[in-house]
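Beneath this line is the structure, given in structure tokens, with notes to follow.
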Amino acid sequence: MPTSSGGTRSYDLATRFAKAGHKVVVVTTSSFLKQYTFTDTWTVMEVDGVELHVLNLEYSNKMSFAKRALTFVQFVAKSTMRVLKLQGDVVLATSTPITIAVPAMIKRTLHKVPYIFEVRDVWPEVPVAMGIINNKLLVSLLNRFEKRIYRRAAHIVPLSDDMKRSIEERTAVPVKKLSVIPNISEVVRFGKYDTGKSILSGLLGFTPEKTVLYAGTLGMVNGLRYLADLAAHMLRLDDSVKFVVFGDGMEKAALLKYAEEKGVLGNNLFFFDPVPKSQLSQLYYECTIASSFVIPVPELWANSANKFFDCLAAGRPILINHRGWQANVIEQENVGFVMHYDTADMPVEARRFAEYINDKPLLQQQQAKALLLAQQRYSLDIAAGAYLKILDHVVS
């Protein structure tokens, strides 16, 4: 939801489905609905035309992998029972983790209700590549489970062409069952800001000349040490460039320590708590460019990062440090700057970046191109329209 600090894809699509005349029921947890107080195990409420069934279950990116896995199991067990009590023509299960498909699969088996499986991260490929899951037997079981999910799904929606390619190559899913619907650039939401206001000036105590924004999770996948290394080099090359981070996650404490060791914490690199999505538009308006980072694991480069689409929606150039489809879009459409993922190349990359962020005509050109790309390729209208066609096809 826009009033929370997490992603809004499910909210945006659900409200659009409701506006199109569908009855939409969302089964979720209380984890990212901090503006509400939940005391019962389940709470049923309506938000913007969507019926929410909220399980009182805490989840956080700060949790260990084992604790998160336990939370996923609890959600699967309780949500399955809930889904079986609900009436519907189709179930849309959106991952991760892959276990989110279990309620939909059981609903299909017992009630003959078809399901669509949305792939936000390709499991178990990603955790295996990261070394999080390395037990050969478990990997084999998860791979078989993944294929079963795809085989039984009425349709599969990966969030990028790279994800689609991975699914095709590893599971032999028929192409006709796959439709790519990327994350959403919500241009209306990000077009709302106050030109006479400055959140950053209030937080920093001064108005930065050039600002690089990172707004998102501070987790292992994100590899924000890269940003601290870049800040350390920029301190010597151009100290007028400030890096601001809004987020939280299991790596935050370690990142603060690392930034302090590099001599950049509170100097040209600043950390703040997450803000609701509804306030992000103001921060994007105030920054020069925004950023998205990923550790050097090629399987992760297929992701469909919210930050990438938020940058475009806000009309801001985007800085990334990886290859994959997003790098291709940035370079082909001229909407940002792609750095090399290897920190050994940082001296050269930082100099390239210093030249880039001081090229005002280029940045202005990229701002316009970014917004146009958001409107023409990644808008909510386009995503919702594509989804509604799939829903109609599956139900009919």
Side-chain angles (χ1 to χ4, degrees), residues 1-22 24 26 47-50 92 94 116 118-120 155-164 178-193 213 215-216 276-285 287 289-292 302-320 324-336 364-393:
M1 291 174 60
T3 50
S4 303
S5 59
T8 57
R9 178 184 175 90
S10 294
Y11 167 85
D12 290 331
L13 288 172
T15 51
R16 275 305 178 94
F17 297 163
K19 286 179 181 177
H22 297 281
V24 184
V26 175
V47 176
D48 298 333
V50 176
L92 198 167
T94 177
I116 298 165
E118 181 175 88
V119 185
R120 298 196 189 203
H155 209 82
I156 303 158
V157 179
L159 268 60
S160 77
D161 288 323
D162 287 354
M163 288 184 191
K164 178 185 176 184
L178 288 158
S179 298
V180 175
I181 302 180
N183 255 326
I184 297 163
S185 289
E186 228 301 66
V187 291
V188 174
R189 182 177 301 126
F190 279 88
K192 297 175 181 177
Y193 49 79
L213 171 69
K277 195 89 170 186
S278 56
Q279 293 181 22
L280 272 183
S281 58
Q282 184 67 34
L283 288 173
Y284 274 94
Y285 167 72
C287 76
I289 67 171
S291 60
S292 180
N303 75 350
S304 191
N306 287 320
K307 295 178 285 294
F308 177 86
F309 297 91
D310 291 350
C311 286
L312 299 179
R316 284 295 175 268
I318 178 166
L319 165 69
I320 67 171
W325 74 272
Q326 289 165 88
N328 294 338
V329 169
I330 288 171
E331 292 169 345
Q332 291 165 8
E333 303 295 334
N334 189 24
V335 292
Q364 290 175 347
Q365 183 185 41
Q366 289 186 342
Q367 286 180 7
K369 285 178 175 289
L371 183 56
L372 188 63
L373 184 63
Q375 294 167 336
Q376 294 182 343
R377 194 183 300 181
Y378 303 120
S379 72
L380 177 56
D381 287 341
I382 294 171
Y387 242 125
L388 286 167
K389 288 179 181 177
I390 293 170
L391 290 168
D392 288 343
H393 173 73

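Small disclaimer: the values here were computed from a predicted structure and weren't measured.
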Report the C-alpha distance between Tyr11 and Asp48 in whole Å, list the side-chain angles of each, state the deciding distance to 0.1 Å, and finish with yes or no for side chain to side chain contact (heavy atoms under 4.5 Å, CB included). CA-CA 9 Å; Tyr11 167 85; Asp48 298 333; 2.4 Å; yes
Given 3.5 Å as the limit, does a donor-acceptor pair link the side chain of Ser304 with the main chain of Pro182, or not? no
How far apart are the closest heavy atoms of Gly216 and Lys307, and which atoms are they? CA-CD, 4.4 Å
Keeping Ser292 on the side-chain end and Ile320 on the backbone end, is there a donor-acceptor pair under 3.5 Å? no
Does the side chain to side chain contact (heavy atoms under 4.5 Å, CB included) test come out yes or no for Leu159 and Val180, once each step is laid out? CA-CA 6 Å; Leu159 268 60; Val180 175; over 6 Å; no
Looking only at heavy atoms, what is the nearest atom pair of Ile318 and Ser291, with distance? CG1-CA, 4.5 Å
Is there a side chain to side chain donor-acceptor pair (under 3.5 Å) between Arg189 and Thr8? Walk through the geometry before answering. CA-CA 11 Å; Arg189 182 177 301 126; Thr8 57; 3.1 Å; yes
Between Glu186 and Tyr378, a side-chain donor and acceptor under 3.5 Å: no
Do Leu280 and Leu283 make a side-chain contact, defined as non-hydrogen atoms from C-beta onward lying under 4.5 Å apart? yes
Side chain proximity check, Leu92 to Phe17, heavy atoms < 4.5 angstrom: yes
Identify the heavy atoms of Ile181 and Ala386 that sit nearest to each other, and give their distance. CD1-CB, 3.9 Å
Test Ile184 against Leu13 for side chain to side chain contact (heavy atoms under 4.5 Å, CB included), laying out the working first. CA-CA 9 Å; Ile184 297 163; Leu13 288 172; 4.0 Å; yes
Report the distance from atom CG of Leu380 to atom CD of Gln375, rounding to the nearest 0.5 Å. 13.0 Å
I'd like to know if Asp310 and Arg316 make a salt bridge, using a cut-off of under 4.0 Å between side-chain N and carboxylate O. no
To the nearest 0.5 Å, tell me how far Phe190 CZ sits from Cys311 SG. 8.5 Å
Would Ile156 and Ile116 count as a side chain to side chain contact (heavy atoms under 4.5 Å, CB included) if you check the C-alpha gap in whole Å, the side-chain angles of each, and the deciding distance to 0.1 Å? CA-CA 6 Å; Ile156 303 158; Ile116 298 165; over 6 Å; no
Among residues at least two apart in sequence or on other chains, which ones pass side-chain hydrogen bond (donor to acceptor under 3.5 Å, both in side chains) with Gln367? none
Smallest separation among heavy atoms of Ala14 and Val24, with atom names: O-CG2, 3.7 Å
So Arg120 and Arg9, do their side chains get closer than 4.5 Å, heavy atoms only? yes
Pairwise distance CG(Leu312) to CG(Leu373) - rounded to 0.5 angstrom: 5.5 Å
May I ask you to check whether Asn303 and Gln326 show a side-chain donor-acceptor distance below 3.5 Å? yes
Any Ser179 side-chain heavy atom under 4.5 Å of Tyr387 side chain: no
Go through the structure and list residues passing side-chain hydrogen bond (donor to acceptor under 3.5 Å, both in side chains) with Ser281, not counting sequence neighbours. none
In terms of heavy-atom contacts, Gln366 and Pro317 come closest through OE1-CB, 3.4 Å
Nearest heavy-atom neighbours spanning His155 and Leu178: NE2-C, 3.9 Å
Please round to the nearest 0.5 Å and tell me the distance separating atom CD of Gln279 and atom NZ of Lys192. 14.0 Å
Could you measure the distance from the CH2 atom of Trp325 to the CD1 atom of Ile330? Nearest 0.5 Å is fine. 9.0 Å
Ignoring hydrogens and angles, state whether a donor on the side chain of Arg377 or Ser185 is under 3.5 Å from an acceptor on the partner side chain. no
Applying side-chain hydrogen bond (donor to acceptor under 3.5 Å, both in side chains), can you list everything that pairs with Tyr193, at least two apart in sequence or on another chain? none
Once you round to the nearest 0.5 Å, how far does CG of Leu319 lie from CZ of Phe308? 12.5 Å
